[in-house]
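The chains referred to below are lettered A, B, ... by the order of the sequence lines, with proteins before strands, and numbering in each begins at 1.
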2 protein chains.
Amino acid sequence: MTLQGIAEQLGLHVSTVSRVLNGRQDGHTRAASGDTARRIRNLADELGYRPNPLATGLRTRRSNLIGVLVPRLSEIVMATIYEGAEEAAASHGLSAFVTNTHDDPALQRERITMVLARRVDGLVIGDAHLDGAALDLPGLRTTPFVLVNRRTSAGHTSVTCDDRLGGRLVAEHLLALGHTSVGVIAGEPFASTGADRTEGFVERYREAGLPLPASRVVHSAFDTAGGRHAAHNLLAMQEDRPTALFAVNDFAAIGAAGAARDLGLRLGRDVALAGFNDTPLVAELPVPLTSVHSPMAEQGRRAVNLLLRRIAGEEIRSEILTPHLMARESTGGPVGAPLL
Amino acid sequence: MTLQGIAEQLGLHVSTVSRVLNGRQDGHTRAASGDTARRIRNLADELGYRPNPLATGLRTRRSNLIGVLVPRLSEIVMATIYEGAEEAAASHGLSAFVTNTHDDPALQRERITMVLARRVDGLVIGDAHLDGAALDLPGLRTTPFVLVNRRTSAGHTSVTCDDRLGGRLVAEHLLALGHTSVGVIAGEPFASTGADRTEGFVERYREAGLPLPASRVVHSAFDTAGGRHAAHNLLAMQEDRPTALFAVNDFAAIGAAGAARDLGLRLGRDVALAGFNDTPLVAELPVPLTSVHSPMAEQGRRAVNLLLRRIAGEEIRSEILTPHLMARESTGGPVGAPLL
DNA sequence: ACGTTTGGCCCAAACGTTTGGGTGCTGCAT
DNA sequence: ATGCAGCACCCAAACGTTTGGGCCAAACGT
């Protein structure tokens, strides 16, 4: 059913119907008499009329669509952020569509172009690289966007967790437990998350007079395989093996736990381990994992809200959310025997 | 840049440009001379022309959009299925947009209505309930859809894993290991996945002359908390405590592992545990989890392909993919001591 | 009684495509 | 010469909205 249809059935002009249906329910519009307005509204929802977004979008130059880019949605962190984003978008009558870029700059450009071709009103970018690659596309100069989860060194507007602080919290915790020889599974160098968490951690240890040798910070993929691999390297050291590891995300930490097991090391006793993000499942692991809780869905919501304000023409500023340490047995918490 | 723009710059009519740009690159179109066609194409990609999908959609009544409904994207199973779906959609020039329904029928209806209002060409539904609730919306009679992961008892077209077989495989495995007293963490009763896996499992045990008492099959949420809770119930039995548990999905299994640990039971020695889906991380757990591998991304791809054929007017039939058992230590695999 | 407001509606253009149907021209066979 | 077939285009309507600008009658002020 179209506006036309409704107008004809009521013997009115389509523009009248349009105005009535767009005016706010309550306020007295100048579009039509109260009676006419009522008749229009009744017929409209009797017929289950929904404006055709293609027509509306064509006319108004607003698609009410936002595009969301993520490295991969099957990473729970990104999926959760997206849940928040979609919720916020839906509550404003927008639809969101997501696409996976696998952290490949060529694919990022391609997807951004595709998303822009769809005439989105804005985009939320969750796969930014520190160097801002792919963010230089000409289309991005005219369509607003907000980064989420990861920032760039160029300082594009973003909503992130205070990753540096998160890293410091872990360092603080491990220092308090007496760990002087530690290692970091640092994630991919192009992601600000890993880089900042590592930096905060290393910085705190440096402040404590225990600077980490370069060999103690190893990059890795963000998945379990990457964590396992990196942990193998770190734990295989014969002399002065680290007594604690900090993995910059939970999945790498789970991989690291696997590596520790392979080497016959008991988590929380022979070696301490901390992750990041406090993914729901880590508390349930056989040895519950110490992790840094970061408000992920909230990041998604805020990114969308920020984007919407930007679309509305407001000036906007980056937002940084505060993380919290969740100490558990993997670092020798309540149940385990004291570490060291 | 619009078609109009290009046409003007070249002194041609917009329709000519349209025909050239829509005709296939190679074939000789009747729209324009080879020379004109070349000029049009050159200018078009020099200007980076992209057709406005709102205008195209309005005219052709095809949005090139498909909607995807999932319970929640932060469940890795659904996220992976969506990855496959998005990949397939993108390769056909379509965009997909996902929305979370949290398995709440009211929200399902609302979202389906919203998605239909967007004039999608079709939808992939990953959150179907066995009873087909929410699938009776009038709009779904005119817009094609395909179910994925879960089927309905009404037999809507779907792409699923052979869940019943998967359940049987686990039963077979546990029987071979000598387990006569087992329990099932059965998931939500409204999801065919859990129901079918449970049924296959129970059926195989019945065939083996070991019918499960009703108390040995407990429903649960699909997350870790649900699994933990259900496992507590099953393992708390004083006499004739089950020696093996089958959780119908990996996350419930992880929760169950947590419960076992709380009760001082060692996985793969005191109690065997199997999950379902072979989520990437379960192989990395401290005690690697036996699970049933199901091709998730493939399900997503197939669902989209099926949908596209349906949109093109073909008759389509449900597809069922075959699962495989991945035996690991949690059921007393290679490394653990023999169970029982 | 006469101008002015304002309420209630209609008109028509525009957004950017696609597509069925022209039209005029060239070249060829009759 | 005449008919006819292509070719290379153009024309215009349509898809379903929104929106600036009318227009007419009733109400109002003086």
Taking only residues two or more places apart in sequence, or in another chain, which ones meet [X] in a side chain to side chain donor-acceptor pair (under 3.5 Å)?
X: B:R39; result: none
X: B:T143; result: none
X: A:R38; result: none
X: B:R72; result: A:E83

With a 4.0 Å cut-off on heavy atoms, is [X] in touch with a base, just the backbone sugar-phosphate, or nothing at all?
X: B:G11; answer: sugar-phosphate
X: B:S15; answer: base
X: A:T2; answer: sugar-phosphate
X: B:L54; answer: nothing
X: B:S18; answer: base

Intermediate values then yes/no, side-chain contact (heavy atoms from CB on, under 4.5 Å), A:T2 and A:I6:
CA-CA 6 Å; A:T2 72; A:I6 297 186; over 6 Å; no
Could you check how far [atom1] of [X] sits from [atom2] of [N], rounded to whole Å?
X: A:L12; N: C:dC11; atom1: CG; atom2: P; answer: 11 Å
X: A:L3; N: C:dC15; atom1: CG; atom2: P; answer: 19 Å
X: B:I40; N: D:dA8; atom1: CD1; atom2: P; answer: 12 Å
X: A:D35; N: C:dG7; atom1: CG; atom2: P; answer: 17 Å
X: A:R119; N: C:dT17; atom1: CZ; atom2: P; answer: 7 Å
X: A:N52; N: C:dG16; atom1: CG; atom2: P; answer: 16 Å
X: B:H13; N: C:dG22; atom1: NE2; atom2: P; answer: 16 Å
X: B:R61; N: D:dG16; atom1: CZ; atom2: C1'; answer: 9 Å

It should be established whether [X] places a side-chain nitrogen or oxygen under 4.0 Å from OP1 or OP2 of nucleotide [N].
X: A:T60; N: D:dT17; value: no
X: B:T16; N: D:dA8; value: no
X: A:S33; N: C:dC9; value: yes

What pairs meet the side-chain hydrogen bond (donor to acceptor under 3.5 Å, both in side chains) rule with one or both residues in residues 48-57 of chain B, with sequence neighbours excluded?
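Counting only pairs at least two positions apart or across chains, no side-chain hydrogen bond (donor to acceptor under 3.5 Å, both in side chains) contact touches residues 48-57 of chain B.
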Per the side-chain hydrogen bond (donor to acceptor under 3.5 Å, both in side chains) rule, what does the pair list look like for residues 147-159 of chain A, sequence neighbours excluded?
A:D103-A:R150, A:R151-A:D196, A:T152-A:H156
Given A:V68, which partner from the list A:L73, A:V98, A:V120 fulfils the side chain to side chain contact (heavy atoms under 4.5 Å, CB included) test?
A:V98
Report the C-alpha distance between B:V124 and B:I81 in whole Å, list the side-chain angles of each, state the deciding distance to 0.1 Å, and finish with yes or no for side-chain contact (heavy atoms from CB on, under 4.5 Å).
CA-CA 11 Å; B:V124 171; B:I81 290 176; over 6 Å; no
Considering only C:dA12, D:dT17, C:dT17, which nucleotide approaches the side chain of A:A55 most closely?
D:dT17
Among residues two or more places apart or on two chains, list those pairs meeting salt bridge (charged side-chain N to carboxylate O under 4.0 Å, His left out) that have a residue in residues 128-140 of chain B.
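Passing the test, one end in residues 128-140 of chain B: B:R109-B:D136.
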Using a cut-off of 6.0 Å, state whether more than 12 heavy atoms not belonging to B:R118 lie near its atom CZ.
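Atom CZ in B:R118 is crowded, with more than 12 foreign heavy atoms closer than 6.0 Å.
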Taking salt bridge (charged side-chain N to carboxylate O under 4.0 Å, His left out) as the test, write out the residues that go with A:D127, two or more places apart.
none
Please identify each residue that fulfils salt bridge (charged side-chain N to carboxylate O under 4.0 Å, His left out) with B:R309, with sequence neighbours left out.
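Per chain and number, B:R309 pairs via salt bridge (charged side-chain N to carboxylate O under 4.0 Å, His left out) with B:E314.
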Donor-acceptor pair (no angle test) under 3.5 Å: A:R19 side chain, D:dG20 base
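Pair found.
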Dot-bracket, DNA chain D: Watson-Crick or G-U, under 3.5 angstrom, [ ] crossing, | other strand?
||||||||||||||||||||||||||||||
Base versus backbone protein contacts along nucleotides 23-28 of chain C [heavy-atom cut-off under 4.0 Å; B, S, -]:
------
Report, one pair per line, the protein and nucleotides 22-28 of chain D atoms (nitrogen or oxygen only) whose separation is under 3.5 Å.
none

Please figure out whether A:Q4 or B:V14 has its closest DNA chain D nucleotide nearer the 5' end.
B:V14
